[in-house]
Amino acid sequence: QGQVAESGGGLVQPGGSLTLSCTTSGFPLDRLLIGWFRQAPGKERVGLACISSEDGSTYYQDPLKGRFTISSDIAKRTVYLQMNNLSPEDTATYYCAILGAGAVVPGICLAPGAVHSWGQGTPVTVAS
């Protein structure tokens, strides 16, 4: 079974940028559908974006378009989430997850219930 592990979280000032990494193992990345989620304190876990390494297609939560970018490097078995213009509202634990295989399906991409395997999360704090 495939596994994922996140890294790259930390403290960043408002307006700053941060890039999270998700390293995969146990299954070829070029067949995986990978998503990024986050969970703020006291709130539910929500989907942010996903990417199909099979065809490179991506899907985003609408409000994040243009500010967050998901990408993958198959050779490094890694999926990235670049986050720009961060605000305190972006403070959360960020999770990478395996959603399955194949192409992007919008109804699956942002659904925590569709996740096959979660990482342990990496915390991001946006504060001055």
Side-chain angles (χ1 to χ4, degrees):
Q1 183 175 355
Q3 294 182 324
V4 291
E6 307 90 339
S7 61
L11 175 64
V12 60
Q13 292 188 340
S17 298
L18 200 62
T19 298
L20 306 180
S21 299
C22 169
T23 302
T24 66
S25 63
F27 207 86
L29 176 60
D30 62 357
R31 299 183 61 186
L32 291 178
L33 182 63
I34 301 290
W36 280 100
F37 297 74
R38 71 183 178 189
Q39 187 166 16
K43 296 188 177 181
E44 293 184 350
R45 194 170 299 188
V46 296
L48 306 176
C50 74
I51 185 167
S52 166
S53 292
E54 182 176 280
D55 63 7
S57 56
T58 59
Y59 186 80
Y60 294 88
Q61 185 194 104
D62 279 344
L64 300 178
K65 288 181 181 177
R67 199 162 65 88
F68 285 17
T69 302
I70 190 170
S71 62
S72 66
D73 185 329
I74 293 175
K76 294 183 178 180
R77 306 175 66 93
T78 301
V79 173
Y80 303 96
L81 184 69
Q82 181 180 347
M83 306 182 293
N84 298 321
N85 192 25
L86 289 165
S87 72
E89 288 68 36
D90 294 311
T91 294
T93 298
Y94 284 70
Y95 296 89
C96 176
I98 297 175
L99 290 160
V104 164
V105 178
I108 291 177
C109 266
L110 303 183
V115 170
H116 292 207
S117 179
W118 291 102
Q120 292 190 339
T122 185
V124 173
T125 301
V126 185
S128 54

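Hydrogens, waters and symmetry mates are skipped; everything else that's a heavy atom, side chains included, is used. Residues take their numbers from the sequence shown, with the count starting at 1.
- Put simply, the side chain of Glu54 never gets that close to the backbone of Ala101: no donor and acceptor are under 3.5 Å apart.
- Considering every non-hydrogen atom in both Pro14 and Ser128, the closest pair reads CD-N, 3.6 Å.
- Note that CD1 of Ile34 is 5.0 Å distant from SG of Cys96, once rounded to the nearest 0.5 Å.
- Note that OG1 of Thr23 and CG of Asp73 are 10.0 Å apart. Values are rounded to the nearest 0.5 Å.
- In terms of hydrophobic clustering, with Ile, Leu, Val, Met, Phe, Trp and Tyr side chains grouped at heavy-atom distances under 4.5 Å, Leu81 and Val126 are assigned to a common cluster.
- Looking at every heavy atom in both residues, Thr122 comes nearest to Gly9 through OG1-N, 3.0 Å.
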Just do the side-chain contact (heavy atoms from CB on, under 4.5 Å) check on Asp90 and Phe68 with the steps written out, would you? CA-CA 11 Å; Asp90 294 311; Phe68 285 17; 4.0 Å; yes

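- When side chains are defined from C-beta on, Cys50 counts as touching Val104, because their heavy atoms get closer than 4.5 Å.
- In terms of heavy-atom proximity, Gly102 sits nearest to Ser52 at O-OG, 2.7 Å.
- Looking at heavy atoms from C-beta onward, Ser17 lies in side-chain contact with Asn84 at the 4.5 angstrom threshold.
- Contact annotation: the side chain of Leu86 approaches that of Arg67 to within less than 4.5 Å [non-hydrogen atoms, C-beta and beyond].
- Residues Gln39 and Tyr95 form a side-chain contact, since some pair of their non-hydrogen atoms from C-beta on lies under 4.5 Å apart.
- The minimum heavy-atom distance between Asp55 and Ala103, with the atom names listed, is OD2-CB, 3.7 Å.
- Remark: the backbone N or O of Thr24 is paired with a side-chain donor or acceptor of Arg77 at under 3.5 angstrom.
- In this structure, Tyr60 and Leu110 have side chains that are not in contact, with every pair of non-hydrogen atoms separated by 4.5 Å or more.
- When each of Ser72, Cys22, Ser57 is checked for a side chain to side chain contact (heavy atoms under 4.5 Å, CB included) with Ile51, only Ser72 meets the rule.
- Panel note: side chain Glu6, backbone Gln120; a donor-acceptor pair is recorded below 3.5 Å.
- When side chains are defined from C-beta on, Leu32 does not count as touching Ser53, because their heavy atoms never get closer than 4.5 Å.
- Between Phe37 and Trp118, the ring planes are perpendicular. Angles over 60° get that label, and only those under 30° would be called parallel.
- Linking Ile, Leu, Val, Met, Phe, Trp and Tyr residues whenever their side-chain heavy atoms come within less than 4.5 Å leaves Ile70 and Tyr59 in two separate clusters.
- Leu33 has its side chain out of reach of Ile98: every pair of non-hydrogen atoms, C-beta onward, lies at least 4.5 Å apart.
- In this structure, Tyr80 is not a member of the same hydrophobic cluster as Leu64, with clusters built from ILVMFWY side-chain heavy atoms closer than 4.5 Å.
- When side chains are defined from C-beta on, Trp36 does not count as touching Met83, because their heavy atoms never get closer than 4.5 Å.
- Put simply, CD on Gln61 and CG on Leu48 are 6.0 Å apart, with the number rounded to the nearest 0.5 Å.
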